[in-house]
**Student:** 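This is the structure, below, for whatever I ask next.
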4 protein chains.
Amino acid sequence: MAATAERSRRSDHNGDVTDDAPRRGRPRSAGADEAILTATLDVAREVGFRGMAMDVIAERAGVSKATIYRRWASKEALVLEALRRAINPLDAVDLGSVRDDLASYLRNLAERMASGNMADVLPHLIEWSVHDRQLREQLDDYVAHRRAPLVAILQRGIERGEVRADLDFDTMVDAFVGPFIYRKLLTGSPLDDAFVDDLLGLLLPTITP
Amino acid sequence: MAATAERSRRSDHNGDVTDDAPRRGRPRSAGADEAILTATLDVAREVGFRGMAMDVIAERAGVSKATIYRRWASKEALVLEALRRAINPLDAVDLGSVRDDLASYLRNLAERMASGNMADVLPHLIEWSVHDRQLREQLDDYVAHRRAPLVAILQRGIERGEVRADLDFDTMVDAFVGPFIYRKLLTGSPLDDAFVDDLLGLLLPTITP
Amino acid sequence: MAATAERSRRSDHNGDVTDDAPRRGRPRSAGADEAILTATLDVAREVGFRGMAMDVIAERAGVSKATIYRRWASKEALVLEALRRAINPLDAVDLGSVRDDLASYLRNLAERMASGNMADVLPHLIEWSVHDRQLREQLDDYVAHRRAPLVAILQRGIERGEVRADLDFDTMVDAFVGPFIYRKLLTGSPLDDAFVDDLLGLLLPTITP
Amino acid sequence: MAATAERSRRSDHNGDVTDDAPRRGRPRSAGADEAILTATLDVAREVGFRGMAMDVIAERAGVSKATIYRRWASKEALVLEALRRAINPLDAVDLGSVRDDLASYLRNLAERMASGNMADVLPHLIEWSVHDRQLREQLDDYVAHRRAPLVAILQRGIERGEVRADLDFDTMVDAFVGPFIYRKLLTGSPLDDAFVDDLLGLLLPTITP
DNA sequence: GATTAACCGAGACGGTACGTCACGTCTTTAA
DNA sequence: TTAAAGACGTGACGTACCGTCTCGGTTAATC
């Protein structure tokens, strides 16, 4: 009973694959979710997450405010999902050598950070996560997810004997990714291929035996 | 230049040494600035910068809202200055060797980042700077200022022959500081002495000849 | 013409009989207008139109301030309508003779002016109308409306041969109504039956052939 | 002691002929009273008594707000005096016949009411007097003072045998003055010589034997 | 085919905070 | 001591956005 009310009251955005109850009544408008999330990101980019008004999002999405609140419990929840959509994980290819793998991964990372959804959204994500435990956890998940390919690269490097086995994985990953975050968020220095090369030049000798 | 008009209209919070105009009329209440800024940070810590109400700050500071708006042009401007006050730069000592200097500097940095004003405030600063050019510039200034001691350490190291002269300063600094920022803002991993030691162990060999 | 846009933006307080547009969205709260106007007059009577605070009216009416401003464009507009409601026109009966008709009308007028809504409100109405063209016009309308029955009485008198046909209607009406206004607003002399009789005694002979 | 404090604290606008105490310190600025009162009326005429700001008056008078409040206890007190200055009584001449005297008096009254200080100020005076007993009394005084010449005219008329002796003075005066007030404040009809003639034509026969 | 239940848009609702403005007072320096 | 200048606490203003709540109308699955 409670579950039904719960479900009917609020969003289904939890990857339920099969909700076989046929759901009487008019089904939810098909493209609305997409339109709302898109509008959310658009508005956020224009006026910042601060200054972002639900009425504006609703109008932009061609949707009523009630429709939004039928699907997300709060402005935070909506923004959260919009952010999650905005950033999708990197995946790493196996090019045969640590150097090439790292170069590929870091170039990819640099490119994404330089502009695009993640670039626009990351600062807001971070700020929000300070006072929102739920977002903090999702952000942690995301970060872990993003670290995974890098860990895999290093793992393969160790197996191939290209990387020293006595180093802490976390510290290594931090050493590679940290400078990107730092430049992006604080120094504003360019995130280009030259930087990737410099960084690789600096760090690669360290991790090779 | 624009700043002059700005200053005469609103606050004098720019460390001007000599304003020799006789300043007619009742002078601004002495401790008010301090009280307001303190109240701002207090309230921000309690309820977040979001959820922070000007009326509450005013009451807390024992001051009227009008007095606040006489000194700062907006809520943003007030928070901005409160944030700037909350973080003051690190300075580096000369302990005789690059290793010791770096260790000292990074431990200091780790300590500050782990908790305290800067820790609380940095995420907000970053987020805000996305849509506020003025804050962005102030943040850049601050960052540059904070990088200075690290550059000095490396410079001394080169002069002593402890550090390779063929490396890019910026990249080196990024490699040292980036991981701290990354951990603080995204991974949430601890910023302790062990991490400092790991990082130094990883990076020091790279920069020594 | 401008009035149409005006009306669609703000209140419908103009007695439109047929607004056939289907009126989408949640309809305006039914009794709110009444509650707000009543509260307005109540508060005004207690603390004067000066000293009257919108928040107080809102609270008294059990309504939010936004609801008030959704229906009236300003404090002035609200008060204006409250005032208009406070005074409703006299109507005249036909008692068969000019003397009786006039006596009835003037006694009615005297009674209303002596106390009640109109008495409380007229001074404010007048003052406000000096700098508010819109109110000035509404006041003119109201005045014209109030003069109508008196004109009708005199008209009937002429038809019956009880009243001279060579006199200016306006001047006659002014001569009858003016003394009431004068006493009410400036001299503070009583508006009682004796005064009505005196005035009739003075003026009736003049207008009869 | 109390008297001294009283005097030094607040205004001297009570016709003190000789204040022989030498009054240490800087003397009060000479033309300030005049300048302030003039500015008050000017501003009032421009934006209404509502909307009239003390700061504006001060600036207009070339005077500080403190100076105003040193001389008048409140905004009301200042306006009150400004109003009193704005209206000065009519006086009637003796032209030999009631008809001529009345015509002269009423033409004078019409002229004053049509425009000028009294015309601008009367509505405000009336409104204010509703909630201000002191002003109400001053207004009554003024009204009585203005009625006096009219009473004198009628008195002379009775003595000459031009006016019936059995009529109530007050009612007669009301019948003559009331229509002016009514037109001025409510109908907005013109106050010209034609109106004076009409009114005289209507009322004179009534009061003659 | 009628019923019914959940949806939809529009938009009004009670709140809460905003930044502004005017009041009357207070506190400086200058005359 | 009074003046001009201008900052002060107070408190109302009118606006904006929140998240909720009707409305009249659609759109399926169920009866």
Side-chain angles (χ1 to χ4, degrees), chain A residues 8-9 21-30 32 51-59 61-76, chain B residues 22-30 32 51-59 62-75, chain C residues 22-30 32 51-59 61-75, chain D residues 8 22-29 32 51-59 61-76:
Chain A
S8 74
R9 196 169 54 78
R23 308 279 252 116
R24 306 222 319 173
R26 175 173 173 174
R28 287 197 175 159
S29 181
M52 184 185 71
M54 293 301 266
D55 299 75
V56 174
I57 295 176
E59 193 189 16
V63 140
S64 82
K65 235 180 358 168
T67 297
I68 299 181
Y69 280 101
R70 210 173 287 116
R71 292 159 192 244
W72 291 273
S74 67
K75 190 182 180 184
E76 276 74 21
Chain B
R23 308 284 280 111
R24 311 231 297 174
R26 174 173 175 175
R28 291 205 171 151
S29 189
M52 185 185 70
M54 293 302 266
D55 298 76
V56 174
I57 294 176
E59 192 188 14
V63 139
S64 79
K65 219 169 30 157
T67 295
I68 299 182
Y69 280 101
R70 212 173 284 118
R71 293 161 190 243
W72 291 274
S74 67
K75 189 181 181 183
Chain C
R23 308 283 282 112
R24 312 231 292 174
R26 175 173 174 175
R28 292 208 170 149
S29 188
M52 184 186 71
M54 293 302 265
D55 298 77
V56 174
I57 294 176
E59 194 189 14
V63 139
S64 82
K65 222 171 23 160
T67 295
I68 299 182
Y69 281 101
R70 212 173 284 117
R71 292 162 190 242
W72 291 274
S74 66
K75 189 182 181 181
Chain D
S8 74
R23 309 280 246 118
R24 307 217 317 171
R26 175 170 172 174
R28 286 195 174 165
S29 178
M52 184 186 70
M54 293 300 266
D55 299 75
V56 174
I57 294 176
E59 193 188 15
V63 139
S64 84
K65 236 180 356 167
T67 297
I68 299 182
Y69 280 101
R70 209 173 287 117
R71 292 161 192 242
W72 290 273
S74 66
K75 188 182 181 182
E76 277 75 19

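Below, all heavy atoms of this structure are taken into account, side chains as well, without hydrogens, waters or symmetry copies. First the proteins, then the strands, lettered A, B, ... as listed; each starts at 1. Bear in mind that the values here come from a model prediction, so they are computed numbers and not experimental data.
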**Student:** Examine E:dG24: is either OP1 or OP2 under 4.0 Å from a nitrogen or oxygen in the side chain of D:K75? Give yes or no.
**Tutor:**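 Answer no for this pair, as no side-chain N or O of D:K75 is under 4.0 Å from OP1 or OP2.
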
**Student:** How far does OG of B:S29 sit from CZ of B:R70, to the nearest 0.5 angstrom?
**Tutor:**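 One finds 10.5 Å between OG of B:S29 and CZ of B:R70.
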
**Student:** When the distance from OH of C:Y69 to P of E:dG15 is rounded to whole Å, what number comes out?
**Tutor:** 17 Å

**Student:** Report the C-alpha separation of D:R71 and D:T67 in whole Å, then their side-chain angles, then the decisive distance to 0.1 Å, and conclude whether the side-chain contact (heavy atoms from CB on, under 4.5 Å) test is met.
**Tutor:** CA-CA 7 Å; D:R71 292 161 192 242; D:T67 297; 3.5 Å; yes

**Student:** Round to a whole Å and report the spacing from CD1 of B:I68 to P of E:dC21.
**Tutor:** 17 Å

**Student:** Write down the protein N/O and nucleotide N/O pairs, taken from nucleotides 8-10 of chain E, whose separation is under 3.5 Å; answer none if there are no such pairs.
**Tutor:**
from   : atom 1 : to    : atom 2 : distance (Å)
E:dC8  : OP1    : A:S29 : N      : 3.0
E:dC8  : OP1    : A:R71 : NH2    : 2.3
E:dC8  : OP2    : A:R70 : NH1    : 2.4
E:dG9  : OP1    : A:G62 : O      : 3.1
E:dG9  : OP2    : A:S64 : N      : 2.9
E:dG9  : OP2    : A:S64 : OG     : 3.3
E:dG9  : OP2    : A:T67 : OG1    : 2.5
E:dG9  : N7     : A:S64 : OG     : 3.4
E:dA10 : OP1    : C:R24 : NH2    : 3.1

**Student:** Would you kindly give the CG-to-P distance between C:D55 and F:dT15, to the nearest whole Å?
**Tutor:** 13 Å

**Student:** Testing the basics here: between A:S64 and A:A58, what is the closest heavy-atom pair and its distance to 0.1 Å?
**Tutor:** C-CB, 4.1 Å

**Student:** So how far is it from A:K65 NZ to A:I57 CD1, rounded to the nearest 0.5 Å?
**Tutor:** 11.0 Å

**Student:** B:I57 CD1 to E:dA17 C1': how many Å, rounded?
**Tutor:** 12 Å

**Student:** Whole-Å distance between F:dC18 C1' and A:M52 CE?
**Tutor:**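 Atom-to-atom, A:M52 to F:dC18, this comes out as 12 Å.
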
**Student:** Between atom CD1 of A:I68 and atom NZ of A:K75, what is the distance when rounded to the nearest 0.5 Å?
**Tutor:**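 Interatomic distance, A:I68 CD1 to A:K75 NZ, rounded to 0.5 Å: 11.0 Å.
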
